Every structure is written in structure tokens, then in C-alpha cells.
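Below: one structure, written as C-alpha cells.
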Amino acid sequence: MPVPSTIIGTEHGAPQNLTPSPDLGFAHRFEPATKPGAPFLLLLHGTGGDENSLIPMGRAIAPGAALLSPRGQVVEQGMARFFRRHAEGDFDQEDLEARTKDLARFVSLASEQYAIPAGKLVAAGFSNGANMAASLILRFPETLAGAALMRGMVPFTPKTPLDINRRPVLILSGVDDPIVGTDEVAELANMFRAANAEVTLHWETAGHTLSQGDVLMAFDWMRKFFALPRPGSVR
Ligand code: MLT
């Protein structure tokens, strides 16, 4: 699904810090933190988005945070995605696994380049980006401190039990989402509970498009689990 421009907002004009950096493997945008001690966000856009799509949402859910936003490398009918699919909701599992590995490598290289402390990145993904964020935290938990999954699906069925060691996972689902059914959301939440995640599941009165309520929920969740340090405190 293309990213809705209302809430998430695609930015037109003056993209500063646009860094198409093939050496890190992904074209991406990085915005340094504007508040000391602010969190670090990994923004993963939906189908048809790009590295600019989620920047306004990132600023809204974690004001002052550093934002790392790669562009998905698969192009489907002119739209960027993070992995291939055969049809809506029918994912190419080999491709997903390989591209999750590529993204984990990007995160590690970008963390070095931009001085992001190990294990501090929190993913916020929408739709296809949420599915990639879920795959990343399940397969490479050490790359992320947590993940906000907005309109996410079950990306794959783990073959062996997984343990993501109480990392917070927010699942933001739309009660009227025509793409992600309520059963699939329940399955996603159960999969993360089984993987020892600290799951927060929120149902928004919305469809696949994000609403202001989603942004507020994500903001509260960020504050609860990844709060700014108090002045003088050590992280
Ligand atoms: C999308 O259109 O992005 C789907 O709903 C999710 C996906 O294909 O990963």
C-alpha cells in the first residue's frame, strides 16, 4: 500500500541529510538527534514509500530523536518495498530472509557511521516496513531495542522457538483494515508473546491508513519504554 500522505506525510522540498550511500548498502536518510539523550529510530516505510516518507511520523512519535531511514531495495511496479511478495500477504520467504540479513548489515554499518550506540535503535515500520521490522527483530534481536509495528502482518512462521528477551513490541492495528485481518493480528501478537516480547497491542478505529490515534499511541509507548533521561541521569 502506498504510504498515506495525510498523517505520515511525504516531504516535498529541501530534504536535508539525504544520503544515498551505496557503501552502506541502502539509500537512506539520517537525521541526527536534536535533543541530548533522545532515542534512535529506524524508520521502515510501506510499499511505495521511500526514505523520506516516515520522517514526519518519526519526529512526531519521538521528538528530538535521531532518525535513520533506509529505502527498500525491491521495486514492484515502480514502488519501493523491503522484500518481494508473490501476492498480497504471500511473501517470498527466501527473499525476506536474505533481505532481512542485508538490513541487519546496514543497521550495523550505519550505527558505526553515525555513532548510534549498540542496541539502542527502535524500529518503527508501516505495512511492508512493519513486516520487515518484525522479521528483523525476530531474526536479529540484538540489532534493535524494540519495534513499533503499524499495520503489520505475520512475516514468517519461526521453525524453532525464538527469544527476543523482553524487548518491547507495539502492534498498532486497524479494526477495519481490509489488508490485515483481526485473526492475523492476534497471530502476530501471540507469535511475539511466544518469542518472549513485551507486547502492547492496540486496536485503532481505522483501516490500513494510519490515524492520529496511532501516532499518539506510538508516542506514549516510546515515552514509556524509551523515555528521555532526566537531566543529570546516566544512560
Ligand atoms: C503492503 O502492501 O505493503 C502489504 O500490505 C504488506 C506487505 O506486502 O509486506
Side-chain angles (χ1 to χ4, degrees), residues 1-10 26-28 41-58 69-104 106-107 123-140 143-144 147-158 169-192 195 201-211 214-215 218:
M1 290 283 290
V3 173
S5 59
T6 43
I7 296 294
I8 298 178
T10 39
F26 280 74
H28 65 280
L41 279 186
L42 175 69
L43 300 172
L44 300 174
H45 63 78
T47 303
D50 65 18
E51 63 275 32
N52 301 306
S53 305
L54 295 186
I55 298 286
M57 190 198 63
S69 186
R71 185 194 311 162
Q73 294 178 319
V74 167
V75 179
E76 182 190 274
Q77 293 176 358
M79 297 184 293
R81 287 175 53 81
F82 284 96
F83 57 89
R84 294 187 197 286
R85 61 179 167 179
H86 305 298
E88 183 74 76
D90 178 5
F91 304 140
D92 179 332
Q93 290 298 331
E94 249 178 59
D95 190 70
L96 172 59
E97 191 174 347
R99 290 185 193 276
T100 304
K101 208 168 167 188
D102 291 346
L103 188 65
F106 164 76
V107 165
F126 168 66
S127 194
N128 178 246
N131 300 338
M132 177 49 104
S135 180
L136 184 64
I137 198 168
L138 288 166
R139 288 182 155 121
F140 298 97
T143 56
L144 295 174
L149 310 177
M150 304 171 185
R151 307 298 186 269
M153 297 170 164
V154 175
F156 67 96
T157 307
V169 172
L170 172 65
I171 299 175
L172 288 174
S173 298
V175 281
D176 298 316
D177 191 334
I179 295 173
V180 192
T182 50
D183 288 357
E184 176 143 19
V185 173
E187 201 188 321
L188 180 66
N190 286 336
M191 192 178 83
F192 272 105
L201 170 59
H202 172 76
W203 289 98
E204 187 65 19
T205 311
H208 200 67
T209 303
L210 295 181
S211 71
D214 290 298
V215 174

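Remember, it's 1-based here, ligands and their atoms both numbered in the order they're listed. Here the structure is a predicted model, which is why all the values come from computation and not from measurement. All values below come from the heavy atoms of this structure, side chains included, with hydrogens, waters and symmetry mates left out. Index from 1, following the sequence.
- Counting only N and O atoms by type, the side chains of Arg81 and Thr47 include a donor and acceptor under 3.5 Å apart.
- Within the 4.0 Å heavy-atom criterion, neither part of Phe82 lies near ligand 1.
- A donor-acceptor contact closer than 3.5 angstrom is absent between the side chains of His45 and Ser69.
- Close approach of ligand 1 to Phe83 (heavy-atom distance below 4.0 Å) involves ligand atoms 9 (O).
- Distances from ligand 1 to the non-hydrogen atoms of Arg151 include no value under 4.0 Å.
- A centroid separation of less than 6.0 Å is found between the aromatic rings of Phe83 and Phe91.
- Per-residue contacts place Ser127 under 4.0 angstrom from the following atoms of ligand 1 (heavy atoms of the residue considered): 1 (C), 3 (O), 4 (C), 5 (O), 6 (C).
- No donor-acceptor pair under 3.5 Å is formed between the side chain of Ser135 and the backbone N or O of Asn131.
- For the pairing with Ser173, the side chain to side chain contact (heavy atoms under 4.5 Å, CB included) check across Leu201, Val180, Leu188 returns one residue only, Leu201.
- One option in Asp90, Val180, Asn131, Leu96 has a heavy atom closer to atom 9 (O) of ligand 1 than any other, and that option is Asn131.
- Here Ile137 contributes atom CD1 and Thr143 contributes atom OG1; the two are 7.0 Å apart, rounded to the nearest 0.5 Å.
- Numbered from 1 in the order shown, with element, the atoms of ligand 1 that lie under 4.0 Å from a heavy atom of Ile179 read 5 (O).
- Under the 6.0 Å distance and 45° angle rule, Arg139 counts as a cation-pi partner of Phe156.
- In this structure, Met132 has no heavy atom closer than 4.0 Å to ligand 1.
- At least one heavy atom of Phe91 sits less than 4.0 Å from an atom of ligand 1.
- Ligand 1 lies out of reach of Gly46, whose nearest heavy atom is not under 4.0 Å from it.
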